[in-house]
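Step one of this worksheet: look at the structure below.
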Amino acid sequence: IQQVDVETGTVVKSFGKPGEAKGEFSNPVDVCLDEHHRIVVTEYTSHRIQVMTQEGETITTFGDSGPEKLNHPISCIPYKNMFLVSDRGNNCIKAFDQSGTFLYKFGKRGNQDGQFNWPRGMLLDSSNNLLVCDRDNNRVQQFSLDGRFTGKTITDLPDPDGIATAPDGRILVTSYTAKKVYILK
């Protein structure tokens, strides 16, 4: 993990090394900060989420054991006292509490409303709707935070992968195959 000064482009600090122990990373695919400014790393190959201090000390890891084990997680979003994780290999979204205890999940493999085929990037919009890139179904789906399906894109989006909010509030979606950024209204 590298912290970069965006004005100068220089690395301020870095931590971690390859591996699967605490403080080590195996294919980290997503990183964010939670409301406590802890670093949250999604590790695709280690099938886990690692929560760390700003100094790079591991506080907790979760998802890599137990009955609701993650299978190639892609994205993790902290929200209040929980983490929402897109579990690509299990084609669902899983919720965990701050200590990493499994709470609930929604979705399963398929192409109907509320089903997934490789869920990828996620975003909470300004109304606390969860938007999920449903990559191999070529769409973005919308859910309430308790997992109730509430909508989807009507335009075919080829392999949507990443999703973010622009400063003006527009939703931006990257397309893996089209090599484009789509703007959702």
Side-chain angles (χ1 to χ4, degrees), residues 1 16 20 22-23 25-110 113-135 137 139-152 160-165 169 171-173 184:
I1 303 290
E20 296 195 9
K22 288 183 177 181
F25 304 110
S26 180
N27 201 358
V29 293
D30 193 30
V31 63
C32 65
L33 297 176
D34 69 6
E35 63 272 8
H36 305 293
H37 301 286
R38 300 178 301 181
I39 298 167
V40 182
V41 182
T42 305
E43 291 182 78
Y44 183 81
T45 307
S46 292
H47 311 285
R48 69 181 180 183
I49 306 299
Q50 196 165 172
V51 182
M52 311 175 87
T53 66
Q54 289 284 321
E55 292 73 40
E57 299 294 323
T58 300
I59 299 167
T60 189
T61 61
F62 63 90
D64 54 345
S65 63
E68 289 301 334
K69 182 178 176 191
L70 295 171
N71 181 2
H72 297 101
I74 297 291
S75 181
C76 180
I77 296 178
Y79 177 74
K80 294 193 176 179
N81 294 320
M82 67 179 171
F83 295 104
L84 298 165
V85 182
S86 63
D87 188 347
R88 193 210 82 173
N90 289 312
N91 288 293
C92 65
I93 306 302
K94 291 183 178 174
F96 297 85
D97 70 13
Q98 288 287 317
S99 65
T101 301
F102 174 76
L103 299 172
Y104 62 91
K105 68 180 176 181
F106 58 91
K108 64 180 183 178
R109 184 173 176 80
D113 292 348
Q115 297 178 343
F116 299 106
N117 192 358
W118 282 32
R120 304 281 294 182
M122 300 186 300
L123 170 75
L124 279 176
D125 70 11
S126 59
S127 300
N128 285 332
N129 295 302
L130 179 66
L131 303 176
V132 181
C133 291
D134 187 8
R135 183 169 162 177
N137 283 326
R139 64 187 178 184
V140 172
Q141 294 194 73
Q142 179 179 292
F143 296 88
S144 62
L145 286 172
D146 61 0
R148 189 172 29 87
F149 172 82
T150 57
K152 64 185 175 190
D161 223 25
I163 188 166
T165 305
I171 305 295
L172 309 176
V173 179
L184 304 183

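Keep in mind that this is a model prediction, so the values were computed, not measured.
In this structure, OG1 in T101 is found 9.5 Å from CZ in F62, a value given to the nearest 0.5 Å. In this structure, the separation between CG on L124 and CG on N129 is 8.5 Å, given to the nearest 0.5 Å. The OG1 atom of T165 sits 4.0 Å away from atom CG of L123, with the distance rounded to the nearest 0.5 Å.
Taking both residues in full, the closest heavy atoms of T58 and G23 are given as OG1-N, 3.0 Å, listed atom of the first, atom of the second, then distance. Pairing each heavy atom of F96 with each of E68, the nearest pair is CZ-O, 4.2 Å. Nearest heavy-atom pair, I163 versus L131, reported as atom, atom and distance to 0.1 Å: CD1-CB, 3.8 Å. Shown here for I93 and M122, the closest heavy-atom pair between the two residues is CD1-SD, 3.7 Å. Nearest approach of S99 to T60, heavy atoms of both residues: O-OG1, 3.8 Å.
Listed for the R48 side chain is a donor-acceptor partner under 3.5 Å among the backbone atoms of E20. A side-chain donor-acceptor contact under 3.5 Å links Q141 to the backbone of Q115. Under the 3.5 Å distance criterion, the side-chain polar atoms of K105 are left unmatched by any main-chain donor or acceptor of C92. Side chain of Q50 to backbone of V41: no donor-acceptor contact under 3.5 angstrom is found. At distances below 3.5 Å, not a single donor-acceptor pair connects side-chain atoms of D64 with backbone N or O atoms of H47. Looking only at distances, a side-chain donor or acceptor of T53 sits under 3.5 Å from a matching main-chain atom of E55. At distances below 3.5 Å, at least one donor-acceptor pair connects side-chain atoms of N91 with backbone N or O atoms of W118.
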Listing, residues 72-79 side-chain donor-acceptor contacts under 3.5 Å, not counting sequence neighbours, or none:
{"unit_1": "S75", "atom_1": "OG", "unit_2": "D30", "atom_2": "OD2", "d": "3.3"}
{"unit_1": "Y79", "atom_1": "OH", "unit_2": "N128", "atom_2": "ND2", "d": "3.2"}

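In H37, the NE2 atom is not crowded: 12 or fewer heavy atoms of neighbouring residues, nucleotides or ligands sit closer than 6.0 Å.
L33 places none of its side-chain heavy atoms less than 4.5 Å from the side chain of V40. Within the 4.5 Å cutoff, no side-chain heavy atoms of K94 are placed close to those of Y104.
Among the candidates K152, R139, R109, R120, the single residue satisfying the salt bridge (Lys or Arg N to Asp or Glu O under 4.0 Å) test with D134 is R139.
With sequence neighbours left out, L103 forms a side-chain contact (heavy atoms from CB on, under 4.5 Å) with M82, A95, D97.
Using the six-membered ring where Trp is involved, F106 and F116 have ring planes that are tilted, between 30° and 60° apart.
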Mind running side-chain hydrogen bond (donor to acceptor under 3.5 Å, both in side chains) on Q142 and T150 for me, showing each step along the way?
-> CA-CA 5 Å; Q142 179 179 292; T150 57; 3.1 Å; yes

List the steps and the verdict of side-chain contact (heavy atoms from CB on, under 4.5 Å) for D34 and Q98.
-> CA-CA 10 Å; D34 69 6; Q98 288 287 317; 3.9 Å; yes

